Amino acid sequence: MLKACWRMGSLSKGKEVHAHVTKTGLDSDVYVGNALLHLYGSTGQVTDARRLFDGMPHRDLASWNTLLGAYNDNAVEVLVLFKRMMYEGIGGDHISMVIVFSACGKIGGTEFGKEVHGYVIKVGIRPALSLSNALLWVYTRCGEMDAAQSLFVEMAAMRDVVSHTILFNGYVDMGSIDLARGIFDQMSVKDLVSWNSMIHAYVKAKHPKKALELFRKMENEMVEPDETTMVSVLAACASLADLQNGRLVHRFILQNNLRQDLFVGTALIDMYAKCGSLEEAMVTFYKMDSRDVFTWTTAIEGLANHGHGDKALSLFTKMEKQGIKPNQATFVSILMACSRSGLVKEGCLLFKRMVEAYQIQPKIEHLGCLLDILSRAGLLHQAEEFIKLMPPEEKIIANKTLLSACMNHLEYDLGEKIANGLTELSSQSHATHILLSNFYALAGQWAEVAKMRRAVKETDIRKVPGISSVDIKT
DNA sequence: CTAGGGTTAG
C-alpha cells in the first residue's frame with residue numbers, strides 16, 4: 001500500500017495510510033516504518049522523515065540508509081548522520097557508503113572521503129560497482145585524476161556506462177576535453193546521460209559547433225533527447241547567435257512533447273535574447289507558468305543588452321514584488337542595464353540596496369558597473385573615491401577606466417593625478433603606456449608623451465600601430 | 001534504500 005503511494009508520489013494518500021497504521025499499531029513494524037520513511041524522504045519531507053526515524057522503536061540498516069537517502073540533497077547532514085552511525089556502532093553497507101561518498105564529492109573534501117575509504121577497507125565491505133563508481137566520483141570531484149585513472153583501471157572487469165561518464169566528466173572539469181571525447185568515443189554503451197554530458201562539455205568549453213555536431217550524431221544514433229539535452233543545445237545556438245537553428249530547436253521541443261520546465265524556459269529566453277530576438281524572448285518569458293531567479297535574471301539581462309534599461313528596471317521591480325529574491329547575478333544584469341542606459345541615480349540606489357537590503361557582498365563585476373556609471377556621468381571625483389574601496393588587484397584596471405573617462409570629459413587635473421598614480425602602480429604594460437601617452441598628448445604635455453613612447457619601445461620591439469595618432473572621442 | 005548530465009554574469 002505504501003509502496004503504491006510513493007510510486008505515485010502521493011503524499012496525502014500516504015499520510016492517510018500513516019494515520020491508519022498508527023491506529024492499528026502496525027507502525028512499530030520495521031518494514032512499515034521504513035516504507036513510511038521512504039515516502040517522506042522521496043517527497044522532500046525531510047523533517048517528517050527525521051521525526052519518524054527518531055520515534056521508531058526498531059530500526060535496521062535499511063532505516064538508516066533510507067534516512068541517509070532522504071538527506072541526499074544536504075551533504076553536511078549526510079556526513080553528520082554517518083558519524084552518528086559509526087558512533088552508535090552501526091556498520092554501514094555499500095548502500096550507505098555510496099550516499100556518503102556522494103556527499104564527500106559534493107563537499108569536495110578529500111580528507112573525509114579518504115577517512116571513509118579507509119573505513120570501507122577496514123570493515124571489509126565488498127567494493128561493488130556502485131561503490132567503486134561513487135569513489136571514482138569523489139576522486140574526480142577533488143581533482144585527483146591520477147587516483148581516478150588508476151581506480152578506473154582497477155575496475156576494468158566491471159566498469160559500466162556510469163564509470164566511463166564519471167571519468168570523462170572529470171577530464172572535462174580539468175579542461176582536457178579531447179581526452180574526454182576520446183573516452184566517450186570508446187564507450188561501447190552510451191546512454192542519455194553520457195550523450196548529454198559530452199554535448200554540455202562542448203558548450204562549457206565554448207565549442208558550440210561541436211556541441212551541435214554531436215547532437216546531430218545523437219539523433220542519427222536514434223537516442224531520444226530529453227530536456228537536459230535541449231538546454232545545452234539551446235545554449236550552443238545562443239553562443240553562435242544562430243536564430244534559425246534556435247527556432248528549429250524550439251519547434252523540436254514542442255513537437256516532441258518535451259517539458260518546458262524552468263531550465264528549458266530560461267535557456268529559450270537566453271537563446272532568443274542572445275540571437276537578437278528580444279520579442280520572442282519576452283513572449284517566452286510571459287508564457288512560462290513559473291519563474292525562478294534564473295528566469296527573471298535572464299530576462300532582465302536580455303532587456304539590458306538590447307538597451308532597454310527602463311524596461312529592465314521595471315521588470316526588476318516586478319520581480320521583487322512577486323517575492324523573488326534577486327541574487328548577485330541579478331544585480332550584475334540590472335547594474336549593467338543602468339550603466340548602458342545612463343541611469344545614474346537608479347544605479348547608485350540599486351547598488352546601495354544590494355549591499356544594505358540584500359546583504360550581497362559586491363563582486364568586481366558590480367564595482368565595475370558602478371564605476372562605469374559614475375565615469376560616464378562625469379562624476380569623476382565620486383568615481384575616484386569609489387576606487388579606493390576596491391581590492392588592490394583591481395585598482396589598475398579601474399584607474400584606466402577612470403583615466404579614459406577623464407579624457408572624455410576633458411578633466412586634466414584629475415587625469416594627471418590618476419596618470420601619476422598609474423605610472424607608479426602599473427606594471428610595464430603596453431596598453432597602459434599607450435593610454436598614458438594618449439592622455440598626455442591630449443593634455444599637451446609633450447615631454448611626458450615622449451617618455452611614454454620610449455617606454456613603449458623598450459617593452460616591445462614590435463611597432464605598435466596607432467601610437468602616433470591621438471584618439472579623441474567626440 | 002544507492003552512483004553519472006541541465007538555467008543567469010564583458
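What you see is a predicted model; the values in this text were computed from it and never measured. Values reported hereafter were calculated over all heavy atoms of this structure, with side chains retained and with hydrogens, waters and symmetry mates removed.
- Counting non-hydrogen atoms under 4.0 angstrom, A/Asn34 reaches nothing in the nucleic acid.
- Atom C1' of nucleotide B/dG4 and atom CZ of A/Arg159 are separated by 16 Å, given to the nearest angstrom.
- A heavy-atom distance below 4.5 Å is not found between the side chains of A/Ile183 and A/Gln186.
- If you check every strand for non-hydrogen atoms under 4.0 Å, A/Leu192 touches a base.
- Side chain of A/Thr66, nearest nucleotide from B/dC1, B/dT2, B/dT8: B/dC1.
- Checking each of A/His18, A/Arg50, A/Gln45, A/Lys15 against A/Tyr40 for a side chain to side chain donor-acceptor pair (under 3.5 Å) leaves exactly one that passes, namely A/His18.
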Would you sort out whether A/Arg247 and A/Glu280 count as a salt bridge (charged side-chain N to carboxylate O under 4.0 Å, His left out), showing the intermediate values?
-> CA-CA 10 Å; A/Arg247 282 189 183 133; A/Glu280 280 163 290; 2.9 Å; yes
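- Between the CD1 atom of A/Ile166 and the P atom of B/dA3 there is a distance of 11 Å, given to the nearest Å.
- Residue contacts shown for A/Ser130 include a base, since a base heavy atom lies under 4.0 Å away.
- At a threshold of 4.0 angstrom between heavy atoms, the contacts of A/Met198 with the nucleic acid are absent.
- A close approach under 4.0 Å does not occur between any side-chain nitrogen or oxygen of A/His94 and OP1 or OP2 of B/dC1.
- Of the listed nucleotides (B/dT7, B/dG4, B/dG10), B/dT7 has the atom at the smallest distance from the side chain of A/Val231.
- Of the candidate nucleotides B/dT8, B/dA9, B/dG6, B/dA9 has the atom nearest to the side chain of A/Gln328.
- Judged by distance alone, with hydrogens and angles left aside, A/Asp226 brings no side-chain donor or acceptor close enough to the base of B/dG6 to form a pair under 3.5 Å.
- The shortest distance between side-chain heavy atoms of A/Leu81 and A/Trp64 falls below 4.5 Å.
- Regarding A/Arg259, its CZ atom lies at a distance of 14 Å from the C1' atom of B/dT7, rounded to whole Å.
- One can place CD1 of A/Ile364 at 13 Å from P of B/dG10, the figure rounded to the nearest angstrom.
- A/Val293 comes within 4.0 angstrom of nothing in the nucleic acid, heavy atoms only.
- The side chain of A/Ile95 approaches B/dC1 more closely than any other nucleotide in the set B/dG4, B/dC1, B/dG10.
- The side-chain ring of A/Phe263 is stacked on the base of B/dT7, judged by centre separation under 5.5 angstrom and plane angle under 30 degrees.
- One can place CG of A/Asp191 at 15 Å from P of B/dA3, the figure rounded to the nearest angstrom.
- Considering only heavy atoms from C-beta on, A/Phe351 stays 4.5 Å or farther from A/Ile373 through its side chain.
- Across the protein-nucleic acid pair, A/Ile253 atom CD1 and B/dT7 atom C1' stand 13 Å apart, rounded to whole Å.
- In this structure, A/Ser197 reaches the sugar-phosphate backbone alone: every heavy-atom distance under 4.0 Å involves primed, P, OP1 or OP2 atoms, never a base.
- Closest to the side chain of A/Val98, from the set B/dG10, B/dT2, B/dG4, is B/dT2.
- Residues of residues 266-280 of chain A that place a heavy atom closer than 4.0 Å to DNA chain B, in numerical order, are A/Thr266, A/Lys274.
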Trace of the salt bridge (charged side-chain N to carboxylate O under 4.0 Å, His left out) decision for A/Asp48 with A/Arg51 = CA-CA 5 Å; A/Asp48 288 340; A/Arg51 201 181 307 128; 3.4 Å; yes
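- Residue contacts shown for A/Leu262 include a base, since a base heavy atom lies under 4.0 Å away.
- Of the candidates B/dA3, B/dA9, B/dT7, B/dA9 carries the atom nearest the A/Glu365 side chain, counting heavy atoms from C-beta on.
- Aromatic pair A/Phe285/A/Trp296: centroids less than 6.0 angstrom apart.
- Whole-Å rounding puts the A/Leu131 CG to B/dG4 P distance at 13 Å.
- The residue A/Asp160 sits close to a base: some heavy atom pair falls under 4.0 Å.
- Side-chain N/O atoms of A/Asn305 include none lying less than 4.0 angstrom from OP1 or OP2 on B/dA9.
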Would you please test A/Phe168 and A/Phe152 for ring-ring contact (aromatic ring centres under 6.0 Å, His included) and show each step?
-> CA-CA 11 Å; A/Phe168 85 65; A/Phe152 187 74; over 10 Å; no
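- Between the CG atom of A/Leu136 and the P atom of B/dA3 there is a distance of 15 Å, given to the nearest Å.
- Taking the six-membered ring wherever Trp is involved, the centroid distance between the rings of A/Tyr139 and A/Phe101 does not fall below 6.0 Å.
- Among the protein residues, A/Arg340 comes within range of the nucleic acid bases, having at least one heavy atom under 4.0 Å from a base atom.
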